[in-house]
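Only this structure's heavy atoms are used, side chains among them; waters, hydrogens and symmetry mates stay out.
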Amino acid sequence: MSVEQTSVDTPRSAVPTVPLWSSRWQALLARLDRLAGSVFIWPTVLVVLFLSIFPLVISLYLSLSRFKFVKGGFEIRFAGLANYRKLLFGSEQAHFLGVMAAPSPLGWCIFCLLYTS
């Protein structure tokens with residue numbers, strides 16, 4: 001038996017042939033299967049980021065602005081770090097922690113009792 005005789009035994013029409021467009025289609029479907037997880041998860045990730053990052057950015061912007069109610073709505077004017085300066089150092093330095101007055105004799109006694117114990 002030679003090789004020529006075996007090739008004659010199986011006719012050429014019996015060998016299945018796959019068209020070129022079919023292999024490309026299968027490659028495309030395989031790629032889509034690999035990307036399916038990302039296609040479904042990315043919209044959810046974007047919504048969560050939008051719902052968490054957007055309020056954070058707006059809050060930061062409003063903390064750097066002066067917010068004032070006016071007739072028919074409100075007015076927002078950018079103030080920079082002036083709001084934080086006012087918060088940390090107070091608008092009137094003497095009243096930042098409240099009005100400090102000298103303690104009464106009873107106050108001195110309570111202070112001494114708490115300090116020594």
K.L.:
To the nearest 0.5 Å, what is the distance between CD1 (I58) and CD1 (I53)?
P.N.:
12.0 Å

K.L.:
With clusters defined by side-chain heavy atoms of hydrophobic residues (ILVMFWY) lying less than 4.5 Å apart, directly or transitively, does I41 cluster with L49?
P.N.:
yes

K.L.:
Out of curiosity, L56 CG to L51 CG, how far, rounded to the nearest 0.5 Å?
P.N.:
13.0 Å

K.L.:
Which heavy atom of L62 sits nearest to which heavy atom of N83, and what is that distance?
P.N.:
O-ND2, 4.4 Å

K.L.:
Give every residue pair that meets the ring-ring contact (aromatic ring centres under 6.0 Å, His included) criterion with at least one member in residues 63-83, sequence neighbours excluded.
P.N.:
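Matches after skipping sequence neighbours: F67-F69, F67-F74.
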
K.L.:
For residues 37-63, which residue pairs qualify under side-chain hydrogen bond (donor to acceptor under 3.5 Å, both in side chains), counting only residues two or more places apart or in two chains?
P.N.:
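Output for this query lists S63-Y84.
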
K.L.:
Mind checking whether F50 and V47 sit in one hydrophobic cluster, side chains of I, L, V, M, F, W, Y counted as touching below 4.5 Å?
P.N.:
yes

K.L.:
What is the ring orientation for F111 with Y115, classed by angle as parallel under 30°, tilted 30 to 60°, or perpendicular over 60°?
P.N.:
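Correct class here is parallel.
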
K.L.:
Please determine whether residues I76 and F54 belong to a single hydrophobic cluster, defined as Ile, Leu, Val, Met, Phe, Trp and Tyr linked transitively by side-chain heavy-atom distances below 4.5 Å.
P.N.:
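Yes, I76 and F54 fall within the same hydrophobic cluster.
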
